[in-house]
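Computed from a predicted structure; not experimentally measured. A, B, ... follow the sequence lines: proteins, then strands. Residue 1 opens every chain.
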Protein chains: 2
Amino acid sequence: MKHADIKYTNQRVEILDFLGDFQGHPTVEDVYEGVRQKLTRISKATVYNNLKFLAEKGLIKEVNVKGVSRFESNLMPHHHTICIKCGEIKDYESEQLSDLTMEVAENIDDFTIRSADVNFLGVCKKCMEE
Amino acid sequence: MKHADIKYTNQRVEILDFLGDFQGHPTVEDVYEGVRQKLTRISKATVYNNLKFLAEKGLIKEVNVKGVSRFESNLMPHHHTICIKCGEIKDYESEQLSDLTMEVAENIDDFTIRSADVNFLGVCKKCMEE
DNA sequence: TATTAAATAATAATTGTTATTATTTAAACC
DNA sequence: GGTTTAAATAATAACAATTATTATTTAATA
């Protein structure tokens with residue numbers, strides 16, 4: 001799924017690779033620390049710029065949780081459960097909900113849809129037991 | 001809709017009044033500036049604390065957009081359209097989507113649901129014309 | 001090879017939010 | 001009513017995430 005109009009610099013390739021391998025929804029800091037293992041001289045600003053850039057190009061997705069940006073490479077339609085205690089984020093799939101969400105999205109007047117996000121906020125099992 | 005276990009201080013009453021009158025989804029700064037018209041000596045920390053407090057008590061709702069907290073007093077089930085250019089937020093209602101969202105929410109395993117948020121991201125009419 | 005634009009690194013500045021502490025307010029008890 | 005106690009507030013410091021700035025590097029184009 002390469003895009004012709006995107007310059008695949010070393011930094012961008014490493015960021016994409018990192019996100020592809022990562023299980024979960026890393027923050028900018030996570031990505032920075034991870035990518036730094038290979039590109040020791042990469043700047044955090046570059047990580048910010050490229051995560052934003054790649055999200056705008058649609059190669060990755062941004063998830064904003066409690067004011068901090070997180071990213072994922074899972075582009076398939078899905079939702080998120082977010083624990084309001086520990087912050088854990090998990091993917092959750094409901095094809096029916098994805099379908100209805102997109103159908104509704106496409107019929108909103110005077111609005112050019114880019115994406116539709118469904119977030120379930122609550123308390124995860126582990127936090128409930130405490 | 002008064003709650004017995006909530007102390008209705010002047011600050012909290014003014015914040016609730018402000019949110020009730022406000023058309024839209026004000027930030028903490030908006031609320032602070034607004035409430036300051038009547039309670040000139042109110043502290044911004046108090047605004048933060050009470051917005052958080054009132055949201056936890058379920059008297060208002062928090063909407064996090066692009067990393068900044070916004071609040072609203074509309075407690076009816078509804079969604080939001082968010083313009084990625086100008087940041088405009090508008091309420092959007094789809095009973096069918098609200099219903100399905102809640103139904104899905106209640107059936108997520110190992111997760112105690114608190115709320116389910118649906119955000120439509122895209123470009124508003126005004127921004128499209130530019 | 002020279003020119004130009006894009007990308008990057010390093011870091012300063014900004015913004016939204018949280019933490020701290022002293023003071024004030026108000027409820028609960030005698 | 002006065003005293004004790006806890007909660008709420010004001011003022012401000014501290015913090016963390018993000019954005020802006022600027023010089024340098026890289027790479028595409030002529």
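- Using a 4.0 Å cutoff to heavy atoms of chain A, the contacted part of DNA chain C runs 5' to 3' from C:dA6 to C:dT11.
- Remark: B:Lys52 does not engage B:Glu62 in a salt bridge, criterion side-chain N to carboxylate O under 4.0 Å.
- The CD1 atom of A:Ile6 sits 8.5 Å away from the CG atom of A:Leu16 when rounded to the nearest 0.5 Å.
- Side chains of A:His80 and A:Asp117: a donor-acceptor N/O pair is absent below 3.5 angstrom, by distance only.
- Nucleic acid contact class of B:Glu29 (heavy atoms, under 4.0 Å, all strands): none.
- Taking atom CG on A:Asn64 and atom P on D:dT19, their separation rounds to 10 Å, with Å as the unit.
- One N or O on the side chain of B:Arg70 and one on the backbone of B:His25 form a donor-acceptor pair closer than 3.5 Å.
- With sequence neighbours excluded, no residue satisfies salt bridge (charged side-chain N to carboxylate O under 4.0 Å, His left out) with A:Glu93.
- Between the side chain of A:Thr46 and the backbone N or O of A:Ile42, no donor-acceptor pair lies under 3.5 Å.
- For the pair B:Arg12 and B:Leu54, the tightest heavy-atom approach, listed with the atom from each and the gap, is O-CD1, 4.4 Å.
- Put simply, CD1 on A:Ile6 is 15 Å from P on D:dA28, counting in whole angstrom units.
- Not counting sequence neighbours, B:Glu88 has no partner by the salt bridge (charged side-chain N to carboxylate O under 4.0 Å, His left out) test.
- Heavy atoms of other residues, nucleotides or ligands lying less than 6.0 angstrom from CE of A:Met102 number more than 12.
- Within residues 14-24 of chain B, no residue approaches DNA chain D, by heavy-atom distance under 4.0 Å.
- Taken from CZ in A:Phe120 to SG in A:Cys83, the straight-line distance is 15.0 Å, to the nearest 0.5 Å.
- Annotation: side chain of B:Asp30 is in contact with side chain of B:Thr27 (closest heavy-atom distance under 4.5 Å).
- Of the residues in residues 66-74 of chain B, those placing a heavy atom less than 4.0 Å from an atom of DNA chain C are B:Gly67, B:Val68, B:Ser69, in numerical order.
- A heavy-atom distance below 4.0 Å to DNA chain D is reached by these residues of residues 37-56 of chain B, ordered by number: B:Arg41, B:Ile42, B:Ser43, B:Ala45, B:Thr46, B:Asn50.
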>> Test side chain to side chain contact (heavy atoms under 4.5 Å, CB included) on B:Leu51 and B:Leu19; report intermediate values, then the result.
In response: CA-CA 10 Å; B:Leu51 286 170; B:Leu19 280 172; 4.0 Å; yes
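- B:Ser98 contributes a side-chain N or O that, together with a main-chain N or O of B:Ser94, makes up a donor-acceptor pair within less than 3.5 Å.
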